[in-house]
Amino acid sequence: MDSSARGQVLMARQPIFDSGQKVIAYELLYRNDQDTEQAVFRDASATIEVLLNAYTCISDAGSVKRVPAFINISEEMLLSGDFPDLPRKQVVIEIPETVKPSPKAIKAILTLARNGYRLVLDNFTYSEAYDPLLKVVQMVKVDVSQLNSEELSHCLSRLRFFKVTPVAVKIESSEKLVVCSQLGFKLFQGHFLSRPKLVKGKKLEANAATLMQLVQAVNSPDATPEDLESLIIQDPVLTFKMLRIVNSAAYSLVRRVESITDAVVLLGMEQIRRWVTLISMTSQDDKPEELCRMLLIRGAMCEALANATHERNTGSYFMAGMMSGLHALLDIDQATLLEQVPLAADIQDALRDYAGPIGETLKAVIAYETGNWNELPLDMDIDLYESAYRHSLQWTQESMQAMHDN
């Protein structure tokens, strides 16, 4: 995943190599536009930023998922346990040295291990207090820049007892790489091998008012997938984020989604709650409201026409209408958008070529809203279109007003 000269800084990545100089994983590191060198995870916010940027932003992040990604987790997030399910085969949870082996931390780490996560202790210095953890973690990172050959050999002898894979980190010279390899380290990371590279893209911000309503809804024991959909579809960017999450490596889709209700059902209420919480913690309200309004009207009108003509899966019509202009809102091309959301084939065909019943309806609605009368169907029911448009205007006005009233 190459960084680009354009776009916002999402994170950095640094490869981890095996003894044959093959990249076996990437560590994902916190970065932002103001500080492109700092990787310290001071609190949960840095972990949240990396998670969201990895799963919900526009970038070439897909290549990261070809090999496992090491993600640091803060002590706050570890102890709360309040983070979403991540793909066990593609994510390695890295426990920083700031997490001390307290009874609470040991319990939380053992829970992660029982749940199938691969774990690594970072910047490790041995003490007996770590023995319970060394029995369940798969890897241990050792800062080799601070130890001589004798100290490194002693450290490795301790680790062999627990059958963990030692990772030599902060390798700054070819001499240190040779020493570590000869001593028995299996994996290697450091500036001599490869410096962290920035990953750039476009961060997406969901409407804060909608998010607050959604946070309340997902924490209600009576909330249904339909309840959540009615809130999520009020914000095109929030809709996009949820679709991106469903399409991420964390969730193995057996089918394409046709509505937000599908996405909610696929993720499950608990995972929706956790993702919504993470998104809400990093939200800003700075999107062009008029474009959001137009997309909501378009989606609602497509759905209204589909309902009037008794089409099946009318939610797909709404989805097509709203997604038809989302690429402009996100400042990306439509092809990139379609690559990153798990839309059903008929919706994708409608968006690409106005193909199929959904595409024909979408094309007609766009022609109606732009006053391009030559593109409207010859047999159109003008009264139906006017009624559908008025309904869509009213629904959109009520929905956006509800967002600002809360």
Side-chain angles (χ1 to χ4, degrees), residues 1 10-16 24-31 39 41 43-57 59-96 99 105 107-122 133 136-139 141 165 167 199 201 203-204 218 241-254 257 263-282 340-342:
M1 181 170 58
L10 303 179
M11 67 189 89
R13 61 166 190 168
Q14 186 175 24
I16 299 170
I24 60 92
Y26 285 105
E27 181 176 1
L28 303 186
L29 305 168
Y30 173 72
R31 294 289 194 276
F41 279 63
D43 53 33
S45 63
T47 302
I48 292 169
E49 280 289 324
V50 171
L51 280 173
L52 289 178
N53 290 343
Y55 282 97
T56 70
C57 291
S59 71
D60 55 355
S63 61
V64 168
K65 300 183 178 73
R66 293 176 186 168
V67 296
F70 283 50
I71 296 181
N72 286 266
I73 182 172
S74 68
E75 182 172 18
E76 177 185 347
M77 189 170 285
L78 171 69
L79 296 180
S80 71
D82 198 19
F83 62 92
D85 276 343
L86 300 171
R88 276 42 167 194
K89 291 183 179 180
Q90 294 167 310
V91 167
V92 178
I93 301 296
E94 192 163 324
I95 311 297
V99 177
K107 181 180 179 181
I109 294 170
L110 293 178
T111 298
L112 288 177
R114 283 194 298 270
N115 288 338
Y117 286 106
R118 289 177 291 174
L119 306 170
V120 56
L121 298 178
D122 192 19
L133 301 182
V136 298
V137 302
Q138 282 71 42
M139 287 164 277
K141 284 188 171 184
T165 299
V167 185
V199 177
K203 297 180 182 180
L204 310 177
V218 296
K241 286 196 172 196
M242 287 301 173
L243 291 173
R244 280 282 288 125
I245 290 167
V246 174
N247 198 36
S248 72
Y251 305 97
S252 300
L253 290 180
V254 296
V257 301
V264 173
V265 171
L266 284 170
L267 284 177
M269 295 293 281
E270 177 60 19
Q271 292 306 311
I272 285 288
R273 182 188 70 78
R274 294 184 179 192
W275 279 114
V276 165
T277 301
L278 293 187
I279 294 171
S280 68
M281 292 174 70
T282 58
Q340 301 198 35
V341 291

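- Ile95 approaches Ile109 most closely through the heavy-atom pair CG2-CD1, 4.0 Å.
- Here the closest non-hydrogen pair linking Arg88 and Asn115 is NE-O, 2.9 Å.
- Put simply, the side chain of Glu27 never gets that close to the backbone of Gln14: no donor and acceptor are under 3.5 Å apart.
- Put simply, the side chain of Arg118 never gets that close to the backbone of Pro68: no donor and acceptor are under 3.5 Å apart.
- What you find for Pro96 and Ile73 is that their closest heavy atoms are CD-O, 3.1 Å.
- A heavy-atom distance below 4.5 Å is not found between the side chains of Ile71 and Val92.
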Between Ile16 and Phe70, is a side-chain contact (heavy atoms from CB on, under 4.5 Å) present by the stated rule, with each step listed? CA-CA 9 Å; Ile16 299 170; Phe70 283 50; 3.8 Å; yes
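- For the atom pair OG1 of Thr165 and CD1 of Ile24, the computed distance is 9.0 Å after rounding to the nearest 0.5 Å.
- Atoms CG and CD, on Asn72 and Glu94 in that order, are 4.5 Å from each other to the nearest 0.5 Å.
- Between the side chain of Tyr26 and the backbone N or O of Ala12, no donor-acceptor pair lies under 3.5 Å.
- Closest approach of Tyr117 to Leu86, counting heavy atoms only: OH-N, 3.0 Å.
- The closest donor-acceptor contact from the side chain of Gln138 to the backbone of Val136 lies under 3.5 Å.
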